[in-house]
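What follows is one structure encoded as structure tokens, with my remarks underneath.
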There are 2 protein chains.
Amino acid sequence: MLYSIIETLKKNQLSITDSRKKILEMFIRSKGALAHADIEHQSGTEFDRVTIYRTLQTFVEKGIIHTIPTADNSVRYALCKDECGQGQHHDDHVHFICDECGTTYCLDHVTVPSVDLPAGFKATQTDLVVSGKCMRCN
Amino acid sequence: MLYSIIETLKKNQLSITDSRKKILEMFIRSKGALAHADIEHQSGTEFDRVTIYRTLQTFVEKGIIHTIPTADNSVRYALCKDECGQGQHHDDHVHFICDECGTTYCLDHVTVPSVDLPAGFKATQTDLVVSGKCMRCN
DNA sequence: ACGTCATTGCAACATTGTTGCAAAATATTT
DNA sequence: AAATATTTTGCAACAATGTTGCAATGACGT
């Protein structure tokens with residue numbers, strides 16, 4: 001899959017800066033999802049902690065990445081597929097979190113079944129989070 | 001539904017203390033899920049913050065409550081149904097989080113569809129989190 | 001190359017969660 | 001019911017995580 005960092009940033013009217021380029025690159029290279037802490041560790045002292053927070057925030061707002069719900073308190077982020085629009089993304093994700101190694105996988109090929117909600121409830125997003133043991137830890 | 005606080009605590013070999021009784025009572029009274037902050041606000045200065053953390057931890061370990069994954073970073077807890085065993089609970093939950101008022105509902109009557117995982121992946125728990133507008137906010 | 005605007009880094013702070021230990025409350029034994 | 005053993009609590013101190021204001025820096029359009 002071809003993914004141009006510069007193109008993505010330009011398309012979203014974001015200035016092209018070192019931090020944005022490198023953080024976006026991390027997401028592209030990473031097969032799974034990343035937490036703030038992962039990015040902080042990988043980048044060492046290159047960027048300020050605040051910059052990482054703000055970059056992630058911006059990416060979420062622009063629909064470049066999205067947050068993944070987890071049962072523990074850690075927030076994780078993953079690249080959105082191209083269809084994702086500004087602000088909210090409409091394709092529903094299946095995520096797998098390994099209890100053993102903590103890796104978060106986006107299972108894009110698994111379809112999320114639609115849910116029958118009680119009267120008066122309207123869904124805008126559905127997240128299906130499966131946890132267990134992953135391929136490598138099994 | 002009859003739910004005896006004392007019985008529940010005894011069954012789990014926990015000492016019967018004020019904090020445990022009152023926190024468990026909050027869960028029974030609350031239709032939705034509670035975050036640590038909710039409990040802290042509702043109980044005022046009655047208990048130490050640390051006590052609340054430890055009580056919630058204990059309840060999760062004993063299978064009295066369970067955590068709910070959320071896309072924002074807040075951890076929420078809800079009562080487990082009686083079938084839940086020690087440590088892990090085996091019935092899969094559907095949760096609905098209202099974007100407007102933040103209330104978290106346990107939709108027990110909606111069944112979680114089983115997911116086809118790629119080879120090598122083994123699921124122990126499946127969480128389906130739907131967000132949108134709830135009954136009251138629609 | 002210059003001015004404008006967006007972004008960064010620093011500092012300070014707020015919130016959230018954790019740990020050790022003595023005091024207090026609960027449970028158990030006699 | 002009193003004494004002992006065990007569990008739980010509250011305090012203090014700390015660690016981690018996230019936020020905000022502001023001056024300095026860097027990116028972008030002309």
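In what follows, chains carry the letters A, B, and so on, assigned in the order in which the sequence lines appear, proteins first and then strands, with residues in each chain numbered from 1.
Going from atom CD1 of A/Ile16 over to atom P of C/dT8 covers 12 Å, rounded to whole Å. A/Ile52 has its CD1 atom 12 Å from the C1' atom of C/dT8, to the nearest Å.
At a threshold of 4.5 Å between non-hydrogen side-chain atoms, the residues B/Val60 and B/Tyr77 count as touching. Side-chain contact between B/Phe96 and A/Leu117: present, with at least one pair of heavy atoms (C-beta onward) separated by less than 4.5 Å.
When DNA chain D is scanned in the 5' to 3' direction for atoms under 4.0 Å from non-hydrogen atoms of chain B, the outermost contacting nucleotides are D/dT7 to D/dG18.
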Would you give me the side-chain donor-acceptor pairs under 3.5 Å for residues 34-43 of chain A, sequence neighbours excluded?
from	atom 1	to	atom 2	distance (Å)
A/His36	NE2	A/Glu40	OE1	3.0
A/Asp38	OD2	A/Ala35	N	2.8
A/His41	ND1	A/Ala37	O	3.2
A/Ser43	OG	A/Ile39	O	2.8
A/Ser43	OG	A/Glu40	O	3.4

What side-chain donor-acceptor pairs closer than 3.5 Å can you find for residues 47-56 of chain B, not counting sequence neighbours?
from	atom 1	to	atom 2	distance (Å)
B/Asp48	OD2	B/Val50	N	2.9
B/Thr55	OG1	B/Thr51	O	2.7

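When all heavy atoms are compared, the tightest approach of A/Ser15 to A/Arg20 is O-NH1, 3.1 Å.
By the side chain to side chain contact (heavy atoms under 4.5 Å, CB included) test, B/Met135 is found to be paired with A/Phe121, residues two or more places apart in sequence or in another chain being considered.
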For nucleotides 3-7 of chain C, list the nitrogen or oxygen atoms of the protein found under 3.5 Å from its nitrogen or oxygen atoms, one pair per line.
from	atom 1	to	atom 2	distance (Å)
C/dT7	OP1	A/Arg20	NH1	2.7
C/dT7	OP1	A/Arg20	NH2	3.0
C/dT7	O5'	A/Arg20	NH2	3.4

Write out a two-atom table: protein N or O, nucleotide N or O from nucleotides 15-17 of chain C, distance below 3.5 Å.
from	atom 1	to	atom 2	distance (Å)
C/dG17	OP2	B/Tyr53	OH	2.8
C/dG17	O5'	B/Tyr53	OH	3.4
C/dG17	N7	B/Arg49	NH1	3.1
C/dG17	N7	B/Arg49	NH2	3.4
C/dG17	O6	B/Arg49	NH2	3.1

* Stepwise side chain to side chain contact (heavy atoms under 4.5 Å, CB included) check, B/Val129 with A/Leu128 -> CA-CA 6 Å; B/Val129 184; A/Leu128 185 49; over 6 Å; no
